[in-house]
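Just so we're clear, the structure is a prediction, and the values are computed from it rather than from any experiment.
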Amino acid sequence: MEDIEQIRTLKARYAEALDNRFNGDQVSALFAGDATWQVGEDQAAQTGRAEIKQLCVNLASRFPGRSTTSSRL
């Protein structure tokens, strides 16, 4: 049960960071230092926290006011 709660907490922190205008610091902190994140099949993969953070900055400028929070977290 502890693992399930940790996953729920991670999902909630992820959604909160995205709702916070794709906050790059918050989002990138959720990933391992050498993580790779690919937003879509037609997008280049981002590797490492610095690239993930920059992707969030770029997304924030493209989708102002975007909300991703789910009540099913």
Side-chain angles (χ1 to χ4, degrees):
M1 293 301 279
E2 184 177 323
D3 292 339
I4 292 171
E5 188 56 38
Q6 288 176 342
I7 292 168
R8 284 188 181 130
T9 299
L10 178 63
K11 287 173 60 176
R13 289 178 58 201
Y14 178 77
E16 179 183 352
L18 294 182
D19 281 347
N20 190 13
R21 297 213 13 91
F22 295 91
N23 185 293
D25 289 322
Q26 288 178 314
V27 172
S28 63
L30 299 174
F31 289 85
D34 62 349
T36 297
W37 187 31
Q38 187 171 4
V39 175
E41 291 180 16
D42 60 336
Q43 301 295 316
Q46 308 301 308
T47 301
R49 289 189 181 120
E51 287 186 14
I52 292 170
K53 179 179 176 178
Q54 186 58 52
L55 174 63
C56 290
V57 170
N58 295 343
L59 289 171
S61 68
R62 290 176 52 197
F63 302 105
R66 178 93 173 179
S67 177
T68 60
T69 300
S70 170
S71 60
R72 298 186 339 210
L73 296 175

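Applying the ring-ring contact (aromatic ring centres under 6.0 Å, His included) test to residues at least two apart or on different chains, the pairs with a partner in residues 29-58 are F31-W37. Applying the salt bridge (charged side-chain N to carboxylate O under 4.0 Å, His left out) rule to pairs touching residues 31-50 yields nothing, sequence neighbours excluded.
The side chain to side chain donor-acceptor pair (under 3.5 Å) test applied to Q26 returns N20, not counting sequence neighbours. Legend: residues meeting side chain to side chain donor-acceptor pair (under 3.5 Å) with Q54, ordered by chain and number and at least two apart, are N58.
Applying the under-4.5 Å side-chain rule to Ile, Leu, Val, Met, Phe, Trp and Tyr, the cluster around I7 consists of that residue alone. Membership of the apolar cluster around M1 extends to I4, as traced through chained side-chain contacts below 4.5 Å between ILVMFWY residues.
You'll find the side chain of T9 stays beyond 4.5 Å of the side chain of Q6, heavy atoms only.
Of all non-hydrogen atoms in Q38 and Q43, the two that sit nearest each other are NE2-O, 2.8 Å. G24 and C56 get closest at one heavy-atom pair: CA-CB, 3.6 Å. V27 and A17 get closest at one heavy-atom pair: CG2-CB, 3.5 Å.
V57 and L18 fall into different hydrophobic clusters, where Ile, Leu, Val, Met, Phe, Trp and Tyr side chains are chained together by heavy-atom contacts under 4.5 Å.
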Does D25 form a side chain to side chain contact (heavy atoms under 4.5 Å, CB included) with K53? I'd like the steps, not just the answer.
CA-CA 6 Å; D25 289 322; K53 179 179 176 178; 2.7 Å; yes

